[in-house]
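A, B, ... follow the sequence lines: proteins, then strands. Residue 1 opens every chain.
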Amino acid sequence: MSKHFKKKSAETKQEIPTASLPDIIFMLLIFFMVTTVLRETTVQVRTTLPRAEALTKIDQKRLLSYIYIGPRKLSNNRLGETAVQIDDALVEDISTIRTIMYRKLVEQPKLIVSLRVDEDSEMGIVTDVQQELREAGTLRINYSSRRDVAGGTGSG
Amino acid sequence: MGLLEKRKREDVEIPTASMADIAFLLLIFFLVTTTIDVDTGIGMVLPPKLDETVEPPPVRERNMFKILVNEEGRLLVEDKPLPVSQLRAEVKKHVMNCVPDYGYGCLPEYSESPDDAVISIKTARQTPYDAYIQVLDEVWMAYFEIWDNEARKRGYPSYEAYRNQLEPGEENEIRDLIKAQISIAEPDPS
């Protein structure tokens, strides 16, 4: 009697078929590849960074917050007026920067503001932004620049 | 008795053969998404917002090293025009003026000591940003070269090597000895 039972239970397969698992995972991967947006902010202004020699590295990327300053990119590769961009949006009114940056500072007290400024910009707007940063209390800044490939600066 | 036996046989294991594949896929995913490039730039600390009632601390004229950058990116250093290429040497001369080992003597028109020396950069509103970065870079390079020198005195090949061997939280002696005091003046409104 008991032998009969044993045989029956052995016959039923208890394993999940694993042959299709790679396919399922592959499909999942493709799904995520298609749907995820890798939160790279689309920079709406041109920022060709200036070259410098006295560079320091910032490895703590999560402390960084970017402010982009440069001429606006328009259609047909034309460039417009100089604009300021924080995160995804262009800043219409410079005086709103203090509120935006203050909120970021509350979230991250060790905030470093990386100024990605186009090399052809004028100092006037950079100073205005810096004054706003002082108002907000975000004092640690970093002028983002590229390594000078040629070596010697000071061509005059 | 029979019931218990039956329960034992019901144990089902999760197939682990595909674990490696899952892990591998995750690895690929993170490899693709992480960005390795490090952000480089010139670090500065802005002065805190000034209280209008409090006067800024007085700085003696000789300790102040004034750099003016005009609309065309040309320099006026201590009221004399100077090419950018000579700025680094001038800044070093100003900062290390009265330090014995450097051989600058103790000229009256330069600073009293590295602690008192202040480099002031002033731009116009129309100054190109590139010119400003060039000037700031030269000033920082002057300080880096001074720090390199101090590090070599202590038996390290460079300042970089000295800084890398510091324990986290340990005082940076060289930077404490010669502080970089760079002040960015507000341009006149125009």
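Counting heavy-atom pairs under 4.5 Å between each of B/Y129, B/Y132, B/Y143 and chain A puts B/Y129 at the top. When each of A/I125, A/I141, A/L55 is scored by its heavy-atom pairs under 4.5 Å with chain B, the top score falls to A/I141. When A/L49, A/T56, A/D120 are compared by the number of non-hydrogen pairs under 4.5 Å with chain B, A/T56 comes out ahead. Your options are B/A131, B/P47, B/G43, and the one with the most heavy-atom pairs under 4.5 Å with chain A is B/P47. Top candidate by heavy-atom pairs under 4.5 Å with chain B, chosen from A/Q131, A/E119, A/E135, A/R134, is A/R134. Listed options B/V135, B/L75, B/T123 were ranked by heavy-atom pairs under 4.5 angstrom with chain A; first place goes to B/T123.
A continuous path of ILVMFWY side-chain contacts below 4.5 Å connects B/I133 to B/W140, so both sit in one hydrophobic cluster. One hydrophobic cluster holds both A/L133 and B/V45 under the rule that ILVMFWY side chains link at heavy-atom gaps under 4.5 Å. A/L74 and A/V91 fall into different hydrophobic clusters, defined by Ile, Leu, Val, Met, Phe, Trp and Tyr side-chain heavy atoms under 4.5 Å apart, directly or through other members. At a threshold of 4.5 Å between side-chain heavy atoms, the hydrophobic network of Ile, Leu, Val, Met, Phe, Trp and Tyr places A/Y66 and A/V43 in one connected group. The same ILVMFWY cluster, assembled from side-chain heavy atoms under 4.5 Å apart, contains both B/L166 and B/I178.
Here CE of B/M44 is found 11.0 Å from CG of A/L115. Values are rounded to the nearest 0.5 Å. Of the inter-residue distances, the one linking A/E53 atom CD with B/E138 atom CD reads 7.0 Å to the nearest 0.5 angstrom.
A distance-only check finds a donor-acceptor pair linking the side chain of B/T40 to the backbone of A/S145 [under 3.5 Å].
For the pair B/D130 and A/P50, the tightest heavy-atom approach, listed with the atom from each and the gap, is OD1-CB, 3.4 Å. The two residues B/I42 and A/A52 come nearest to each other via the heavy atoms CD1-CB, 3.7 Å. Between B/A124 and A/M123, the closest heavy-atom pair is O-CB, 3.5 Å.
At a 4.5 Å heavy-atom cutoff, B/L87 makes no contact with chain A through either its backbone or its side chain. Looking at A/V117, the atoms closer than 4.5 Å to chain B (heavy atoms on both sides) sit in the backbone and in the side chain alike. Of the two parts of A/T127, only the side chain, counted from C-beta on, holds a non-hydrogen atom closer than 4.5 Å to a non-hydrogen atom of chain B. Using a 4.5 Å cut-off between heavy atoms, A/D128 contacts chain B through its side chain alone, with no backbone atom that close. With a threshold of 4.5 angstrom between heavy atoms, A/T138 approaches chain B through N, CA, C or O but not through any side-chain atom. With a 4.5 Å cut-off on non-hydrogen atoms, B/I184 touches chain A through its side chain but not through its backbone. Both the backbone and the side chain of B/T127 come within less than 4.5 Å of a heavy atom in chain A.
Surrounding CD of B/E171 are at most 12 heavy atoms belonging to other residues, nucleotides or ligands under 6.0 Å away. The 12-atom threshold is exceeded at NZ of B/K153, counting heavy atoms of other residues, nucleotides or ligands nearer than 6.0 Å. Residue B/R62 qualifies as enclosed at atom CZ: its count of foreign heavy atoms under 6.0 Å is above 12. Crowding of B/F144 atom CZ: a count of heavy atoms from other residues, nucleotides or ligands under 6.0 Å exceeding 12. With a 6.0 Å radius and a threshold of 12 heavy atoms from other residues, nucleotides or ligands, A/E81 has its CD atom at or below the threshold. Atom CZ of A/R103 sits in a sparse spot, with 12 or fewer heavy atoms from other residues, nucleotides or ligands closer than 6.0 Å. In this structure, B/E13 places its CD atom where only 12 or fewer heavy-atom neighbours from other residues, nucleotides or ligands lie under 6.0 Å away.
When side chains are defined from C-beta on, B/L46 counts as touching A/Q130, because their heavy atoms get closer than 4.5 Å.
If you run side chain to side chain contact (heavy atoms under 4.5 Å, CB included) between A/E122 and each of B/R125, B/Q126, B/E71, only B/Q126 comes through.
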